[in-house]
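Throughout, protein chains are lettered first and strands after them, A, B, ... in sequence-line order, and every chain is numbered starting at 1. Side chains are part of it too, since the values below use all heavy atoms of this structure and drop only hydrogens, waters and symmetry mates.
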Amino acid sequence: MLEKTFNPKDVEERLYQTWEASGAFRAGNKPNAKPYTIVIPPPNVTGSLHIGHALNNTLQDILSRFERMRGRDVLWQPGMDHAGIATQLVVERKLAEAQTTRQALGRDEFIKRVWEWKAESGGAITKQLRRLGSSCDWSRERFTMDEGLSKAVLKVFVDLYREGLMYKANRLVNWDPRLQTAVSDLEVENIEIKGNLWHLKYPLAEDADLFIVVATTRPETMLADQAVAVHPDDERYKDLIGKKVRLPLTGRLVPIIADEYANPEKGSGAVKITPGHDFNDYEVGKRHGLAMPNILTLDAKIGVDAPEAYRGLDRFVARKKIVADMEALGLLEKVEPVVHAVPHDEKTKTVELEPMLTEQWYLNVKPLAEKALAAVHDGRTKFIPQRFEDEYFRWLEDIRPWCVSRQLWWGHQIPAWYDAQGNVFVAESEADAHAQANQKHGAEVALTRDPDVLDTWFSSALWPFSTMGWPVNTPEFKRYYKTDVLVTMFDIIFFWVARMMMMGLHFTNDVPFHTVYIHARVVDEKGMKMSKTKGNVIDPLTLIDEFGADALRFALAIAAAPGRDLRMGRNRVEVYRNFCTKLWNAARFCEMNNCVRPETFDPNSLRSAVNRWVVGELVRTKTETTASLDAFRFNDAATGLYEFVWNVYCDWYVEFIKPVLSGADGDEKTETRATAAWVLDEILRLMHPFVPFMTEELWRVTGEQGPARSKLLIEEAWPDYSAVARDVAAEAEMNWVKTLISEVRSVRAEMNVPPSSKLPLVLKTASANEREWLVRHNDLILRMARLETAVAGDNFAKGAAQIVAGDGTAALSLEGFIDFAKERARLTKDLKKADDEVARVDQKLNNKDFVAKAPEDVVQELRDKRVEHLSVRSKVQEALRRVE
RNA sequence: GGGCGAUUAGCUCAGUUGGUAGAGCGCAUCGUUUACACCGAUGAUGUCGGCGGUUCGAGCCCGUCAUCGCCCACCA
């Protein structure tokens, strides 16, 4: 028995456990089937499920369940990312609460604590993914810091080093002074802030009364100035090139140089050059062989190489002091307020990053990028929507070396060891490094390992194949790689997608996936990006608690236009909870009317038109749903199902069959019960990828009667209706019925008769004055009677006939009406088709411009067509007359 | 500065090769007659952002402008 309402809380957990225990999620269940693989974008181990995850995983789950039902051997590979910086920060915060620091614990102990923390709370997000219904193969869950994945990381690093692509270099890098680590170009967020452009006077060495004015937003860097640059063609400064200025505050002499980098239009036209603290100046410095001193410490304070007055000052304090000192010296010409973009850390957006000269590991990604570009250009991997390919191309075409080292503790430690002389030995193991060192030195020497770890995205880049056991050529790797589709968002195309493409192609010689589906970005109801600070975050778990996972999933799926913003709010989920309830109640209707699944059911042998019609609509819906999912049009698939369930099955079909089900027993009633139950069953299959919990529960309860179910719904097959003939006549009849009913509805409105929801019963429930009207319009009655005969058998017609005959104005013969209705529907349709064709042709031919401009043979062809259509038309018309 | 996306009913959005504008929510009126008030019926509401072009015909194609959003670059 079905409860009056569906209570998600009561069934979701139980059903999930049933599924998991059944082994339905496991890959390899169908060894002879074609594999279908999705690797999950691994959530951060520190993470908790947010609404974006909910969308991402709903879509993956829909695909997984759909393909599983279509008979594929599905591997949905789950796992988590160690998320270097994020995780380290979380654990450090915990340490701070315990009044200690990672430095106090030491590296090994700290790492141990991180693993402990991971063991404690690391499962949170996977539990939440389960609540959503995600059918991942949990037996294959991976973590980027697992032994196997770490081995893959080591091998990749060492191989790239041996190929000469991985190297160490001392360069200017984006430095986070708070975390004290390098970050990659991608992790820099430029934020516009209000600042000042200070115009500083630098006295010439030869004559302190003469000045050259430089403009800067960062006066504190003048302590490390190495030159003043002017444009070689700048008339104002031509004579000064080669002379020297005496830097105020430090008293150092630096040259005035000519370099095209100086832009005469900007500032004063002369620019101070600080190669150690600015990316452009760094290039200028290299060109002119300038020294590159660093006057900042790693936490962005003024360092020991600066004049004593400034040492130890924070960079912003030093800035104020330097401006004040310059002003006091009369060397501040003017201050101009400017808005300019300043690099910030991407995570908190609160720390200004500092260009810092440090030694880091770099990966020359250029050769890898070329392969990655080619693979998308030649279509081995395609993006949905396609426009993201352009972004991908743009980034890869202009790619710069990837700074892969991070000065953190949590992550994959770089497999490089140094001897006392600083020689580097890169190896997959310490023993191997020692072996290399021994060979070089001819004796055992002490080695120290590089303390740095790799960028988190380095291991993420290997995810599609490292999770399959690579570099070992495992059966899984052979079977499930390459994967089929990557479902992700546009914000990590560069961070992750492009890098997986590069690494995948380089190390496996194949693309990691043939399709990249870029899903929407979920924003709040006002279109604002969700963020904790704004307080507009919608918690998917709260929504699941309130409306059920099914409602949330359907709400996400039906709104899932790729690559755009998706506004999500509570009331949207409510709408689809209502839809789920509607389906539940349709099932209750069937149950109450003893619509039990028959032992066998042949959709082709149905006699009643309404049953044949609903089967046809079902077939159409299945075809469209399949096509939509094949094309990743989740919204179209969901919309089609919504409309079929609500507008076709509930609004029309259920209403139409009520009189039959309440009528006398007989073949028609038996047939209708069977059809109602069968179509409901098929709805459950089609809906299951979207709404897995409710459909599985309905599958279970409806299985309590009729033939026993052999499988869970999750294990069932996607419908195949190739043997079901679509009954065009039944569809035409139903369209006719619907048209007539709307005629009656408008008549009722005209007559001011209260509308009724049970319109197919209009004749039975007619009020006295309505009946009177109907009698007056006997013609319409007859038509209703005829069509209802065709649709629902004798019951309707009898009802109609009773009304009419009861008033003594008409009597009705029922014979021949079925054939009549069918034939008429077919002919009317043909007639309309012919009329449309003729009208279309006429429209063209009546257009003088067209006739004048179009080529002769085209016009003649249309004339011939017109004649042809007219002859068809007259034939059809004649046939129609005969029938009527 | 360069690029991309959006602009359709009060709100949120569909609209797949150009052919008479759609849904849900909301609103108004009515209705508890064998599933469902998390419901049913009916109804009102649109110069499809502006202007120009191509076409017999444009929400859809082209140009241009406007507003909003995103990405990249610059950062003296």
Q.
Within the 4.0 Å heavy-atom criterion, would you say A/N263 contacts the bases, only the backbone, or no part of the nucleic acid?
A. base
- Measure distances between side-chain N and O atoms of A/N190 and base N and O atoms of B/C75, and say whether any donor-acceptor pair falls under 3.5 Å. yes
Report task. Would you classify A/L661 as touching base, sugar-phosphate or nothing, given that sugar-phosphate means primed atoms plus P, OP1 and OP2, and contacts are heavy atoms under 4.0 Å? Result -> nothing
- Query: Counting any heavy atom closer than 4.0 Å, what does A/A262 reach on the DNA or RNA strands: base, sugar-phosphate only, or nothing?
  - Reply: base
Among the nucleotides B/C72, B/A35, B/C25, whichever has the atom closest to the side chain of A/F494 is B/C72
Minimal heavy-atom distance between A/A561 and A/Y517, with the atoms involved, is C-OH, 4.4 Å
Just call it for A/R633: base, sugar-phosphate, or nothing, with non-hydrogen atoms closer than 4.0 Å on any strand.
base
- prompt: So what does A/V214 hit on the nucleic acid, given a heavy-atom distance under 4.0 Å: a base, only sugar-phosphate, or nothing?
  reply: nothing
Cation-pi between A/R499 and A/W402: NZ/CZ under 6.0 Å from ring centre and within 45° of the ring axis?
yes
Of B/G69, B/C75, B/C36, the nucleotide closest to the side chain of A/K582 is B/C36
Notebook entry, point to check: How is A/R387 classified with respect to the nucleic acid when contacts are heavy atoms under 4.0 Å: base, sugar-phosphate, or nothing?
Noted result: sugar-phosphate
Quick note, A/N280 side chain, CB onward, closest among B/C74, B/A35, B/C13 is B/C74
Categorize A/C650 for me: base, sugar-phosphate, or nothing, with a 4.0 angstrom heavy-atom threshold over every strand shown. base
Ignoring hydrogens and geometry beyond distance, is the side chain of A/R577 in donor-acceptor contact with the base of B/C38 at under 3.5 Å? yes
Within residues 545-558 of chain A, the residues having a heavy atom closer than 4.0 Å to RNA chain B are none
TODO: Would you indicate what A/W646 reaches in the nucleic acid, counting non-hydrogen atoms under 4.0 angstrom: base, sugar-phosphate, or nothing?
DONE: sugar-phosphate
